[in-house]
Amino acid sequence: MQTGNPLSRISEGMKVYDRLHHEIGKVERVRIGDDDPATEEVEAASPSHLEGRRETVLDSLAEVFAPDELPEEVRERLLQQGFVRIDSAGLFAADRYVMPDQIMSVSGDTVTLNVSKDELVKRH
């Protein structure tokens, strides 16, 4: 049985399959969540330091989700828990986001999910 954060074993280009082993697409991006124990804790900062940090956080959000129009609560959850963004197979297929708890296994160059494609958050 695999333990630890499955996102740490995923890399760009890996094939992604749903729970019925239908290919969804390939990994386009992986982001480890902010609540991961391996992520360094953010130190307490003075207000002037926080102003610069806010710009960095906003820049990060823009980089990760632009031009996605995801609801704020979904973006926050994705950033906190981490995610895999899938480049979906098919000309008109919407790309999708996978949360760590939706990953059944990671083996070789394959990610297998415990959900169907339709249960994933769509990228708009």
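Throughout, residue positions are numbered sequentially from 1 according to the sequence presented.
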Legend entry - Nearest atoms (heavy-atom pairs only) where P100 meets G82: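 The answer is CD-O, 3.3 Å.
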Inset, instruction - Provide the closest heavy-atom pair for S8 versus I32 in the form atom of the first, atom of the second, distance. - result: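 Scanning both residues completely, I find the closest heavy atoms to be N-CD1, 3.8 Å.
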Legend entry - Under 3.5 Å donor-acceptor, S88 side chain and G25 backbone: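 Flag not set: sc S88 to bb G25 has no pair under 3.5 Å.
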Quick one: [atom1] on [X] to [atom2] on [Y], what's the gap to the nearest 0.5 Å?
X    : Y    : atom1 : atom2 : value
N5   : I103 : CG    : CD1   : 7.5 Å
E73  : Q80  : CD    : CD    : 13.0 Å
M99  : L7   : CE    : CG    : 9.0 Å
Q102 : S116 : CD    : OG    : 9.5 Å
L79  : R31  : CG    : CZ    : 4.5 Å
F83  : R29  : CZ    : CZ    : 5.5 Å

Legend entry - Test salt bridge (charged side-chain N to carboxylate O under 4.0 Å, His left out) applied to E28 - qualifying residues, sequence neighbours left out: R85, R123
Counting C-beta onward and ignoring hydrogens, is there a side-chain heavy-atom pair between [X] and [Y] closer than 4.5 Å?
X    : Y    : result
L120 : I24  : yes
K122 : D95  : no
L113 : E119 : no

Inset, instruction - Can you sort out the partners of S11 under side-chain hydrogen bond (donor to acceptor under 3.5 Å, both in side chains), two or more places apart, ordered by chain and number? - result: none
Legend entry - Sequence-distant partners of E12, side-chain hydrogen bond (donor to acceptor under 3.5 Å, both in side chains), two or more places apart: none
Inset, instruction - Kindly write out the residues that satisfy side-chain contact (heavy atoms from CB on, under 4.5 Å) with K15, not counting sequence neighbours, or none if the list is empty. - result: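 Applying side-chain contact (heavy atoms from CB on, under 4.5 Å) to K15 gives Y17, E23, K26.
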Legend entry - Residue pairs, two or more places apart or on separate chains, that pass salt bridge (charged side-chain N to carboxylate O under 4.0 Å, His left out) and touch residues 109-118: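 Sorted result for residues 109-118: empty, none.
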Inset, instruction - List the steps, then state whether side-chain contact (heavy atoms from CB on, under 4.5 Å) holds for M14 with V106. - result: CA-CA 9 Å; M14 295 177 80; V106 180; 3.8 Å; yes
